[in-house]
Amino acid sequence: MNSGRFDHDLDLGLAALREKDLFRCLRRVDTPQSPRIRIDGKTLLNFSSNDYLGLANEGEIKEAAVKAVERYGAGSGASRLVCGSLAPHHELEESLASFKGTEAALSFSSGYATAIGTIGALLGHEDIIVLDRLVHACIVDAARLCRAKLRVYAHNDLNDLEAILRWASEKHPKARVLIVTDSVFSMDGEAAPLREIAALKERYRAWLMVDEAHATGLYGPNRRGLAEELGVSDLIEIQMGTLGKALGASGGFIAGSRTLADFLVNRARSFIFSTAPVPAAAAAATAAVRFVRSKLGEHRCRLLWQRAAEFRPRTSPAGDGQEAPAGGSTGLRSTIVPLIIGGEAETLKAADGLRERGLFVPAIRYPSVARGRARLRVTVTASHTARDVRRLVAALEELNLPRGI
Ligand SMILES: *Cc1c(COP(=O)(O)O)cnc(C)c1O
């Protein structure tokens, strides 16, 4: 064994990352996911979690997970197609389909596995995949793995998207064309113009997949996601969501037609060749969907938007004091607020400054965002109090940091 040289090689790679302020390390958290977490013996006010509705610690959801362990055990034993298709997975999918208002839904062990499996099942080397420049890394990886021709349009740029669709229909009239976008972008909090994208995909006869990881449970009258809020759910062939963010559990899912779900069961490799998620995760997600749909869920969601507005009061660009329409430059309210600093070292320093003041806000750097676009990423949740938000605002002011982009 040559492990001395092996480690030496890797150490060089790590040293290069340190040099560029891009080295990352894990921080051990000794408390449950909540607005207060203990790291290195210090309790910090946490503005980093995607547990937007505070469901990771909700009593009835934890209880559902415990009951599932008692009834179905800790593990699921095999892939769903072998013998691991336990009742909790079926219950979850029925509740997801009903929640999303689709014929069917299929769950995966993570959002990452959902994207890889689904895109890989739908496209091959003769097809074309068209991505917004800022889609989540799992979509980028899926697009590379599926071997389709990959085209990227400038972030939220409809003209650029249309130019690619026109090119595809002229040069590759027989190819399947799949457009994929996040509905709310994970590092910017901006919304995609889903109505306009859906209109373009209709005009050019493409397919549309929308990743609602940061919108499921948060937007729309039934909290189905941004597609519901914008009234375009029926135009989206493939609706993707995650179970680990606002739903407080773990996993990912696709909602759509029965045919799509059947197709994925047969063709999505991350579904077929992977052990089914543990029963507790499925049961927790089912309970979370029930919670989100309830009056309590509606109330919790309203609380979230109230906290988000307290952090960043939305005023119209006209400066007339009117509230802006439903984040970022697209004007939608968002639970994700990037404080873009630019330099990697400065961003780390800002995060350290906040930590010294008892606040945990992560420094997000390349490759999560472009080089030179490093930022603090603030996420506000329904579990924060108005006082928590005031503490964050005060600390940002003390450090002379912006409260928005
Ligand atoms: C987090 C995230 C995913 C991945 O979901 P996991 O369940 O964490 O694997 C996919 N897409 C977006 C936009 C995300 O933010």
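Computed from a predicted model, the values in this text were never measured in an experiment. Residue numbers start at 1 and run along the sequence shown. We count ligands from 1, going down the list as the structure has it; atoms in each ligand are counted the same way.
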Check [Y] with [X], please: is the shortest side-chain N to carboxylate O separation under 4.0 Å?
X    : Y    : answer
R203 : E162 : yes
E346 : K349 : no
R375 : D188 : yes
R307 : E310 : yes

Task: Main-chain N/O of S49 paired with T379 side-chain donor or acceptor, under 3.5 Å - done: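 Yes; at least one donor-acceptor contact below 3.5 Å.
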Per-atom contacts of ligand 1 with [X], taking only distances under 4.0 Å to non-hydrogen atoms:
X    : result
S186 : 15 (O)
A213 : 11 (N), 12 (C), 13 (C), 14 (C), 15 (O)
T242 : 5 (O), 7 (O)
G251 : 7 (O)
D182 : 13 (C)
C138 : 10 (C), 11 (N)

TODO: Could you find the nearest protein heavy atom to atom 9 (O) of ligand 1 and give me its residue, atom name and distance?
DONE: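 Protein heavy atom with the smallest distance to atom 9 (O) of ligand 1: Y112 N, 2.9 Å.
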Task: Closest approach of any protein heavy atom to atom 6 (P) of ligand 1, naming residue and atom - done: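 I find the closest protein heavy atom is G111 N, 3.3 Å.
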Open item on the list: D211 versus ligand 1: do any nitrogen or oxygen atoms come within less than 3.5 Å of each other?
Closed with: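 In this structure, D211 places an N or O atom under 3.5 Å from an N or O of ligand 1.
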Task: K245-ligand 1 polar pair, N/O distance under 3.5 Å - done: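 Among all N and O atoms of K245, at least one is under 3.5 Å from an N or O of ligand 1.
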Task: Contact check, S250 vs ligand 1, heavy-atom distance below 4.0 Å - done: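 Checking ligand 1 against S250, which is what was asked, there is no heavy-atom contact under 4.0 Å.
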- [ ] Answer with yes or no whether the side chains of R293 and S98 bring together a donor and an acceptor at under 3.5 Å.
- [x]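 Judged by distance alone, the side chains do pair up.
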Open item on the list: Under a plain distance cut-off of 3.5 Å, with no hydrogens placed, do D388 and T385 share a side-chain donor-acceptor pair?
Closed with: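 Yes, D388 and T385 have a side-chain donor paired with an acceptor closer than 3.5 Å.
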- [ ] Evaluate side chain to side chain donor-acceptor pair (under 3.5 Å) for E93 paired with S107, printing each intermediate quantity in order.
- [x] CA-CA 7 Å; E93 286 159 358; S107 62; 2.9 Å; yes
